[in-house]
Amino acid sequence: SPETSISASVTYDAHQLPFIAPRSTSVRLGRHGFKLLFMLIPDDAQMGQALARFVTAQGYRSAGVLSVRSPYSQSLTQGFLMQALESGLS
């Protein structure tokens with residue numbers, strides 16, 4: 001869970017140990033600014049941006065978004081919407 005990764009990363013950072021997050025996609029994990037944090041996959045917002053770029057590359061000019069109210073869904077949606085606006089999607 002993101003909470004577990006965040007808690008662990010704080011402890012690792014306090015002891016100047018590298019923290020490798022192989023499965024965590026929470027944008028909150030990367031916001032701490034730790035120098036020894038390594039996320040192996042993109043965060044939720046980056047995935048949302050990639051989805052919007054894919055939709056644009058497929059030639060779509062508009063897109064709709066349905067999401068649930070969870071931290072994962074919110075950051076994924078925000079990333080998608082930001083990129084969609086930049087790409088000219090409506």
Side-chain angles (χ1 to χ4, degrees):
S1 77
E3 290 76 21
T4 303
S5 293
I6 291 168
S7 295
S9 70
V10 170
T11 301
Y12 276 66
D13 187 67
H15 293 90
Q16 298 179 356
L17 297 169
F19 181 75
I20 300 170
R23 294 181 50 204
S24 184
T25 62
S26 174
V27 294
R28 293 181 298 145
L29 181 59
R31 288 187 183 155
H32 292 289
F34 297 149
K35 294 179 181 178
L36 298 174
L37 169 66
F38 301 95
M39 294 177 69
L40 300 183
I41 56 178
D43 67 34
D44 304 332
Q46 292 169 330
M47 285 191 222
Q49 292 166 354
L51 286 170
R53 285 192 296 273
F54 175 77
V55 169
T56 302
Q58 297 302 306
Y60 292 99
R61 295 183 185 180
S62 63
V65 176
L66 299 174
S67 66
V68 296
R69 292 183 181 178
S70 71
Y72 165 74
S73 182
Q74 288 175 350
S75 57
L76 184 71
T77 299
Q78 286 176 338
F80 180 89
L81 293 175
M82 285 177 25
Q83 184 64 45
L85 288 174
E86 286 181 27
S87 300
L89 287 172
S90 59

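Heavy-atom basis, side chains included; hydrogens, waters and symmetry copies ignored.
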State plainly whether one hydrophobic cluster holds both Ile6 and Tyr72, where clusters connect Ile, Leu, Val, Met, Phe, Trp and Tyr through side-chain heavy atoms under 4.5 angstrom apart.
no
How long is the gap from OG on Ser26 to CD on Glu3, to the nearest 0.5 Å?
7.5 Å
Closest heavy-atom pair and its distance - Ser24, Ser5:
CB-OG, 3.8 Å
From CG (Leu40) to CD1 (Ile20), nearest 0.5 Å
6.5 Å
I need the minimum non-hydrogen distance between Gly79 and Gln49, along with the two atoms involved.
O-CG, 3.3 Å
Distance-minimising heavy-atom pair for Gly48 and Leu76
N-CD1, 3.4 Å
So do the side chains of Thr25 and Ile41 get within less than 4.5 Å of each other, counting heavy atoms only?
yes
Distance in Å, Leu17 CG paired with Phe34 CZ, rounded so as to fall on 0.5 Å steps
12.0 Å
Distance-minimising heavy-atom pair for Ala45 and Asp43:
N-OD1, 3.1 Å
Heavy-atom count check: over 12 atoms from other residues, nucleotides or ligands less than 6.0 Å from Gln16 CD?
no
Non-hydrogen atoms of Ser9 and Phe19 that approach each other most closely:
CB-CD2, 3.8 Å
So does Arg53 pair up with Glu86, basic N to acidic O under 4.0 Å?
no
Heavy atoms of Thr77 and Val65 approach each other most closely as CG2-CG1, 3.7 Å
CZ-OG distance between Phe80 and Ser87, expressed to the nearest 0.5 angstrom
9.0 Å
Spell out, as yes or no, whether a donor-acceptor pair under 3.5 Å connects the side chain of Ser67 to the backbone of Ser73.
no
Are Met47 and Leu29 connected in the hydrophobic side-chain network, where two residues link if heavy atoms are under 4.5 Å apart?
no
Heavy-atom side-chain contact between Asp13 and Leu37 under 4.5 Å
no
Residues, nucleotides or ligands: over 12 heavy atoms within 6.0 Å of Tyr12 OH:
no
